[in-house]
2 protein chains.
Amino acid sequence: MSSPPVPAASPRPRQRRKEARPAELTAAALRLFVDNGFAATRLEDVARLAGVSKGALYLYFENKEALFEAVVREGILPTLEEGEAMIAAHRGCRAELLRALVLGWWELVGATPYGGIPKLIIAEARNFPGVVHFYHEQVINRGRRLLAQVLQEGMDSGEFRPMPLATAVDLVLAPVLMLTIWRHSIHGVLGDMPQHEPGLYLQTHLDLLLQGLLRQPGSTA
Amino acid sequence: MSSPPVPAASPRPRQRRKEARPAELTAAALRLFVDNGFAATRLEDVARLAGVSKGALYLYFENKEALFEAVVREGILPTLEEGEAMIAAHRGCRAELLRALVLGWWELVGATPYGGIPKLIIAEARNFPGVVHFYHEQVINRGRRLLAQVLQEGMDSGEFRPMPLATAVDLVLAPVLMLTIWRHSIHGVLGDMPQHEPGLYLQTHLDLLLQGLLRQPGSTA
DNA sequence: AGAATTACTGACTCAAAAGTCAGTAATTCT
DNA sequence: AGAATTACTGACTTTTGAGTCAGTAATTCT
């Protein structure tokens, strides 16, 4: 229980890397915030995971809340433009586009550390109304508009059956979000579900969804 | 800013109600844990909301973690037996049973304070692996088995198309869970979505799902 | 090279919230 | 009624972690 503290084989000489620090700190904070929650995360641990001292963290972020906000703001970047580009460039049926958007999102966001942000937002919503407003405007609603457009076009062209638009959008999203949420909560604890390979899960989701949406079933699957 | 503290119109003479306290305390704790998260909830606030002092709370619960565990354990009671009874009693097609189970769950659990527990478990999973194991065994897997049975019977009888069973179960659950999670996080902050009346949302979910599942579309909806 | 600058450290302070317990007032017992 | 019991209180101690800052060492300037 009381072995002498290991001298940490050459504790790596102090480095000065002003440019890289903020991104390294937000990456570390994202990981710990998602895993443990905001309140239960110690800034000393964030700093250590990023390879600096707690003092250094405060050189780059006013306080814990500012770090949280930075984490969320950073999480938007790698996402929506891609989707908006895809939707503009796409030729072919809306069903294929829908598949591409969902699977693309999974690869670009869901499967990366940023996939933890939905869980984080959900868990901390009541403590950070400002951040929620921001995220809702910049991410949620923007993503919804994207999907709504695809569904609307599909309905207009007769490819999809008519449906309540806003509700249908959320029904496309729900399984995708649950997948990432699960990964960052219960799955992380249990090592659950061999059969829940994300690819198969999303494919089945899309199959089921499209069979429900398509006027002529089988025309795409 | 500094009006004299209101004497709290007859501060209600001290009461002794050994029997009722634990349930009142867990009810208060459920509310605050779901709203603010475990770490961000002060036990003094839990006690005040339950109408007792902090000291009294410690007469009934060892510590904060024990209170959390009690909250989750209590949340199972009003649920699964009902579903298992329904499934045993039901005559008629599996599609109707599926509708009844989903809508029944919403009324009995989702729309009540217990509807906050999924969000709570998700948010705190990494900090309470023991509780997650318990919940997974006692609630999640049991609920899944229930739905799997219905889907399997439907497939066997030819009412439903064949599908990967475990995945299909989770696709039934995802929108239902997202509905409760949303209510207790983002919705609570934004007063969001007039059109997201839970009834319509769940009906649309079931319509869409069944159109995908049914071999002869229209035979139920 | 040495001087000047500044990114970084870690021991410190301080506030807040978990947990304790001697005392108080309902209730029950005789 | 008074004595004995015990559910409850709230002021207290202890612990924890956010936030600070005087000092240190890497880098740049001359």
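Predicted model, so just to flag it, every value in this text is computed and none were measured. Residue numbers start from 1 in every chain, and the chains themselves are labelled A, B, ... in the order their sequence lines are given, proteins ahead of strands. We use all heavy atoms of the structure for the numbers below, so side chains are in, but hydrogens, waters and symmetry mates are not.
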Quickly work out the [X] [atom1] to [N] [atom2] distance and round it to whole Å.
{"X": "A:Leu43", "N": "C:dT13", "atom1": "CG", "atom2": "C1'", "value": "16 Å"}
{"X": "B:Asn63", "N": "C:dA17", "atom1": "CG", "atom2": "P", "value": "18 Å"}
{"X": "A:Gln15", "N": "D:dT28", "atom1": "CD", "atom2": "P", "value": "13 Å"}
{"X": "A:Arg17", "N": "D:dT27", "atom1": "CZ", "atom2": "P", "value": "11 Å"}
{"X": "B:Arg48", "N": "C:dA17", "atom1": "CZ", "atom2": "P", "value": "11 Å"}
{"X": "B:Lys18", "N": "D:dC8", "atom1": "NZ", "atom2": "P", "value": "8 Å"}
{"X": "B:Leu32", "N": "C:dA17", "atom1": "CG", "atom2": "P", "value": "13 Å"}
{"X": "A:Phe68", "N": "D:dA18", "atom1": "CZ", "atom2": "C1'", "value": "17 Å"}

So that I can tick it off, tell me whether [Y] and [X] are bridged by a salt bridge, with the cut-off set at under 4.0 angstrom between side-chain N and carboxylate O.
{"X": "B:Asp207", "Y": "B:Arg99", "value": "yes"}
{"X": "A:Arg17", "Y": "A:Glu24", "value": "yes"}
{"X": "A:Arg142", "Y": "A:Glu84", "value": "yes"}

Check: For D:dC8, does either OP1 or OP2 sit under 4.0 Å from a side-chain N or O belonging to B:Arg21?
Finding: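 For D:dC8, OP1/OP2 do have a side-chain N/O of B:Arg21 under 4.0 Å.
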
Margin query: Between B:Arg42 and C:dA17, is there a contact of a side-chain N or O with OP1 or OP2 at under 4.0 Å?
Written below: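 Checking B:Arg42 against C:dA17: at least one side-chain N or O falls below 4.0 Å of OP1 or OP2.
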
Margin query: Judged by each residue's nearest nucleotide on DNA chain C, which is more toward the 5′ side, B:Arg16 or B:Ala39?
Written below: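 Upstream on the strand: B:Ala39.
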
According to the Watson-Crick and G-U wobble definitions, with both distances under 3.5 Å, which nucleotide is paired to [N]?
{"N": "C:dT20", "answer": "D:dA11"}
{"N": "C:dT5", "answer": "D:dA26"}
{"N": "C:dC14", "answer": "D:dG17"}

Taking the minimum atom-to-atom distance to the side chain of [X], which one of [options] wins?
{"X": "A:Lys54", "options": "D:dA18, C:dA7, C:dG23", "answer": "D:dA18"}
{"X": "A:Tyr58", "options": "D:dG19, C:dA7, D:dT9", "answer": "D:dG19"}
{"X": "B:Tyr60", "options": "D:dA7, D:dT24, D:dA18", "answer": "D:dA7"}

Checklist line | Donor-acceptor pair, side chain of A:Lys54 and main chain of A:Glu44, under 3.5 angstrom | finding: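 No, A:Lys54 side chain to A:Glu44 backbone: no donor-acceptor pair under 3.5 Å.
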
Next item on the list: Give a yes or no answer on whether the side chain of B:Lys64 reaches the backbone of B:Leu43 with a donor-acceptor pair at less than 3.5 Å.
Entry: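 Answer holds: no.
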
Next item on the list: Take A:Phe38 and A:Ala56, find for each the nucleotide of DNA chain D with the closest heavy atom, and name the residue whose nucleotide sits nearer the 5' end.
Entry: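 Counting from the 5' end, the first nearest nucleotide belongs to A:Phe38.
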
Margin query: Just to be sure I understand the rule, does A:Leu59 reach a base, reach only the sugar-phosphate, or reach nothing, if contact means heavy atoms closer than 4.0 Å?
Written below: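 Contact class for A:Leu59: base.
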
Check: Is any side-chain N or O of B:Arg14 under 3.5 Å from a base N or O of D:dC8, one able to act as donor and the other as acceptor?
Finding: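 Yes, a donor-acceptor pair under 3.5 Å.
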
